[in-house]
Amino acid sequence: MKNTFIILSVFSSLFIGFKASSQTKKPAEASPASQVNVFVGSSGDHGQMSPAASYPFSMLSIGPQTYPNLHMGYEHKAKLFLGFTHNRFEGVGCQGSGGNILIKPFLGDDAGASVLNKVTEQAGPGFYQVAFSNHISTKIAVYQNAGVESYSFPQGKKGFFIDLSHTLANRFVAEEHELGNNEITGWIDSRTTCNVGTYRVYYCIKFNQPVTFVPGDAHKLIANANADQVQLSVAVSSVDVAHAKASVKTIGFEQMKMQSNEGWNKVLSHIKVKGNTEREKLFYSMLYRTVQSPYVVSETDGSFRATDGSLQTTKDSIYNGWAIWDNYRTQLPLLSILYPDRYQSITTSLTNLYRFGKKDYATKNEPSNTVRTEHAIVVLLDAYRKGYKVDFAGVLDSLKSDVDKLDFSHPDKALESSYDTWAFSQILAIAGKTELANQYKQKALGYKEYWNKDFKDITKNDVDRVSARGLYQGTIWQYRWFVPFDIKGLAELIGGEKEYIRQLDQFFDNDYYNHANEPDIQAPFMYNASVQPWKSQAAVHKYAADTVVQYYFNDNSRGIDPFVDVIYQNKPDTYVRTMDDDAGAMSAWFVFAATGVSPACVGWPVYYLNVPLFKQVQFVWPGGKTFNISVPNYVEGQKYIQSVMLNGKKLNRNWLTHQEIMNGGTLIITAADKPNEQFGVSDRWVSDIDMK
């Protein structure tokens with residue numbers, strides 16, 4: 001998602017090399033965390049990611065703030081630093097999001113005159129460190145909702161400039177703080193992503209050395225220090241200051257870095273891959289991006305703030321920080337496989353949105369920064385069909401109210417709203433409300449009228465024009481494929497299977513597809529519903545690992561000079577220009593493609609198959625159960641499926657169920673350099689609005 005495009009000029013003379021936490025040559029059995037390059041997507045308008053120190057699913061991240069201002073507050077090539085900020089929503093649109101509490105270490109009497117020029121930096125999962133030309137250096141580590149910032153100064157006058165009103169791009173609303181004995185506590189209200197709702201963060205900052213606070217301009221402070229080594233222990237909470245204070249950890253940088261590394265390895269080890277060494281590094285760098293959010297916003301005592309601002313208690317973990325429009329087809333389904341215990345809590349948290357207050361973007365009382373929640377109803381249906389518990393009965397009226405307010409006023413909105421309406425009809429059927437379910441099914445079927453009106457005729461001169469006819473972020477060509485719940489019906493509208501394939505060919509052959517944004521990211525898989533599934537195998541491999549041509553960009557433009565390159569690369573300026581990762585949406589697309597299984601239609605527990613990008617892939621769950629995918633004859637570039645064996649039996653279909661994966665076992669995919677035009681044809685999975 002991108003709503004605002006900023007052109008940045010960064011002179012090449014500012015470039016300095018980066019040093020990732022992994023080594024150039026990966027040692028045998030390297031840990032997943034050691035292979036992550038946290039600088040991926042951190043340069044230019046290529047992913048909008050940062051190397052901030054973070055922890056899986058934690059609302060606290062602490063990272064560098066550079067000049068000039070960039071989407072995520074950080075530009076890899078930039079030399080000038082403004083300080084360090086807290087809480088960033090990785091990879092999202094609207095000029096980035098978060099960036100609370102700017103802290104700048106300085107020398108001398110004037111914080112503004114003290115310049116921080118980067119000399120070296122190093123970072124990995126859970127930590128970030130940098131050295132400046134004035135001999136100030138900083139080491140940062142984050143574990144859960146606590147962090148440490150260790151500052152080293154040369155001799156002389158020194159201190160910290162603290163801006164409590166700072167954000168990356170969102171409007172600051174209000175703050176209150178209290179100065180204690182070498183301590184600052186308080187809360188900050190800021191607008192959420194895209195300046196829609198408001199979120200509040202409570203915080204505590206403790207200095208391990210004596211400091212003298214000097215009030216500055218509004219919401220700004222100076223903390224003068226005498227010691228050459230000063231550590232700040234920081235913690236945040238969505239509940240209150242008391243919980244933030246209780247979360248503060250006064251351990252040192254190295255100890256917190258080690259704890260964070262252990263946590264990251266535990267989370268990243270749920271998938272193990274073996275194959276090309278450099279691609280393994282890329283894989284874990286992408287997987288790292290998929291588990292940054294949503295955030296745990298409940299405390300260990302069960303207290304949490306709901307989206308209506310009320311204080312609640314739970315025996316569960318509560319999550320917030322949603323970008324569902326962006327990642328409901330990739331990142332959330334990936335979490336549903338990798339972390340079943342955690343995903344039950346995520347499902348409950350999504351249900352709570354309908355209980356306590358849900359907006360398409362954000363409410364006025366968000367417990368953490370968030371983006372948007374459209375299609376949450378589809379995610380709940382998907383979770384239920386994967387075996388997760390969903391209290392539909394308790395929120396049925398709220399679901400109905402939400403669906404009844406859906407927008408059908410634009411061609412893209414009509415198709416997206418039809419998807420949610422279909423999901424609600426399915427939920428009603430599950431709840432035993434057959435008559436009402438049929439009413440909403442008929443309403444969902446109304447997509448055909450909208451489709452015939454705006455999407456059937458592809459001879460009009462505006463079908464490849466971005467934002468034509470009031471579209472949000474895409475073209476008629478890109479949005480016309482968005483009927484995931486009824487591909488059978490869509491093929492009939494197009495003119496039958498032969499014409500369906502011909503038009504998909506036309507779409508891809510003319511590079512109308514746009515991987516710089518989400519509206520059509522399901523399109524490469526759509527040949528799986530036809531008699532030519534091998535074309536999906538080729539398309540998925542192409543956009544995951546081969547050179548592609550991309551004419552469309554995420555600033556609502558069609559470029560005259562196309563992107564011609566590999567999209568996913570292990571470097572700071574990866575991705576297509578203007579492409580946002582969108583809270584793990586696009587990185588999760590790659591992770592799925594690399595493992596060989598990808599969601600067929602969110603709302604149904606089904607996954608399409610392709611040849612993995614590794615010889616071996618293993619899903620690992622607590623208790624030792626595994627699902628192993630192997631390609632015994634793996635050769636780079638062999639992208640077609642010759643045959644498949646599931647648990648020793650030949651499989652003549654190109655899809656698996658969620659339960660087949662979660663049961664554990666072994667999937668053997670034999671690859672080929674030419675299509676097996678018989679495989680996956682006789683037993684296809686095709687979404688159909690009449691399926692039950």
Arg684 (side chain) donor-acceptor with Arg653 (main chain) under 3.5 angstrom: no
Ring pair (Phe, Tyr, Trp, His ring centres under 6.0 Å) between Tyr295 and Phe57, worked out: CA-CA 4 Å; Tyr295 313 126; Phe57 308 105; 9.1 Å; no
Main-chain N/O of Ser293 paired to Gln331 side chain as donor or acceptor, under 3.5 Å: yes
Min side-chain heavy-atom separation Asp412-Phe482 under 4.5 Å: no
Test item: Gln35 side-chain N/O and Tyr284 main-chain N/O as donor-acceptor pair under 3.5 Å: no
NZ or CZ of Arg577 within 45° of Phe563 ring axis and under 6.0 Å: no
Euclidean distance, Leu350 CG relative to Asp382 CG, rounded to 0.5 Å: 11.0 Å
Ser61 side chain near Val142 side chain, heavy-atom distance below 4.5 Å: no
Donor-acceptor contacts, no H, no angles, side chain residues 623-630, under 3.5 Å, sequence neighbours left out:
from: Lys625; atom 1: NZ; to: Met662; atom 2: O; distance (Å): 2.8
from: Thr626; atom 1: OG1; to: Asn628; atom 2: ND2; distance (Å): 3.1
from: Asn628; atom 1: OD1; to: Gln618; atom 2: NE2; distance (Å): 2.6
from: Asn628; atom 1: ND2; to: Gly665; atom 2: O; distance (Å): 3.4

Ser34 and Ser31: side chain donor to acceptor below 3.5 Å: yes
Least distance between heavy atoms, Asn327 atom then Pro333 atom: O-CD, 4.0 Å
Arg279 with Glu636: basic N within carboxylate O range, under 4.0 Å: yes
Note, Tyr479 side chain near Glu416 side chain (heavy atom, < 4.5 Å): yes
Thr578 side chain vs Asn554 backbone, donor-acceptor pair below 3.5 Å: yes
Geometric class of the Phe283/Phe614 ring pair [parallel <30°, tilted 30-60°, perpendicular >60°]: perpendicular
Steps toward side chain to side chain contact (heavy atoms under 4.5 Å, CB included) verdict (Met286, Asn570): CA-CA 9 Å; Met286 294 291 102; Asn570 189 10; over 6 Å; no
Ring geometry between His515 and Trp589 (parallel below 30°, tilted from 30 to 60°, perpendicular above 60°): perpendicular
Gln344 side chain to Lys389 backbone, donor-acceptor under 3.5 Å: yes
Test log, rule side-chain hydrogen bond (donor to acceptor under 3.5 Å, both in side chains), inputs Asp486 and Ser687: CA-CA 5 Å; Asp486 191 22; Ser687 64; 5.8 Å; no
Phe619/His270 under ring pair (Phe, Tyr, Trp, His ring centres under 6.0 Å): CA gap, chis, key distance, verdict: CA-CA 6 Å; Phe619 293 88; His270 280 243; over 10 Å; no
Flag if over 12 foreign heavy atoms under 6.0 Å of OH, Tyr384: no
Charged N-O contact under 4.0 Å between Asp520 and Arg480: no
Heavy-atom side-chain contact between Pro605 and Arg385 under 4.5 Å: yes
Shortest non-hydrogen contact between Ala545 and Leu613, atoms and distance: CB-CD2, 4.1 Å
Side-chain donor-acceptor pair present, Asn647, Thr666, cut-off under 3.5 Å: no
Pairwise distance CG(Leu268) to OH(Tyr288) - rounded to 0.5 angstrom: 9.0 Å
Atom pair CD (Gln537) and CG (Asn610), whose distance is rounded to the nearest 0.5 Å: 7.5 Å
Proximity of Tyr143 and Tyr55 rings by center, below 6.0 Å: yes
Flag for Tyr552-Arg558: side-chain donor and acceptor within less than 3.5 Å: yes
Mutual orientation of the aromatic rings belonging to Tyr513 and Phe507 [parallel < 30°, tilted 30-60°, perpendicular > 60°]: perpendicular
Side chain to side chain, Gln569 and Leu282, heavy atoms closer than 4.5 Å: no
Thr574 (side chain) donor-acceptor with Lys571 (main chain) under 3.5 angstrom: no
Nearest heavy-atom neighbours spanning Gly321 and Phe89: O-CZ, 3.6 Å
Cation-pi, Trp322 ring and Arg372 (6.0 angstrom, 45 degrees): no
Cationic tip of Lys615 above Tyr634 ring, under 6.0 Å, 45° of axis: no
Stepwise side-chain hydrogen bond (donor to acceptor under 3.5 Å, both in side chains) check, Arg342 with Tyr319: CA-CA 10 Å; Arg342 190 181 292 271; Tyr319 289 76; 2.8 Å; yes
Main-chain N/O of Gln144 paired with Ser58 side-chain donor or acceptor, under 3.5 Å: yes
Heavy-atom side-chain proximity of Met579 to Asn517 below 4.5 angstrom: no
Parallel, tilted or perpendicular: rings of Phe592 and Tyr607 (30°, 60°): tilted
Stepwise side chain to side chain contact (heavy atoms under 4.5 Å, CB included) test for Val531 and Glu497: CA-CA 8 Å; Val531 293; Glu497 185 170 57; 3.2 Å; yes
Test log, rule side chain to side chain contact (heavy atoms under 4.5 Å, CB included), inputs Asn652 and Val644: CA-CA 7 Å; Asn652 291 316; Val644 173; over 6 Å; no
Side chains of Trp621 and Pro340 in contact at under 4.5 Å (non-hydrogen atoms): yes
Nearest-0.5 Å distance, CG of residue Asn37 to OG of residue Ser42: 7.5 Å
Between Tyr575 and His46, ring centroids under 6.0 Å: no
Electrostatic pair Glu518-Arg329, nearest N-O below 4.0 angstrom: no
Aromatic ring pairing Tyr512/Trp477, orientation class (parallel under 30°, perpendicular over 60°, tilted between): parallel
Heavy-atom closest contact (Ala529 atom, Val686 atom, distance): O-CG2, 3.5 Å
Gln506 atom CD, neighbour heavy-atom count above 12 within 6.0 Å: yes
Heavy-atom check, side chain of Tyr608 versus side chain of Phe525, under 4.5 Å: yes
Parallel, tilted or perpendicular: rings of Tyr500 and Trp481 (30°, 60°): perpendicular
Atom pair CE (Met258) and CG (Asn261), whose distance is rounded to the nearest 0.5 Å: 9.5 Å
Charged N-O contact under 4.0 Å between Glu660 and Lys649: no
Whether Trp604 and Trp422 hold their rings parallel, tilted or perpendicular, with breakpoints at 30° and 60°: tilted
Straight-line distance of Gln292 CD to Ser50 OG, nearest 0.5 Å: 8.0 Å
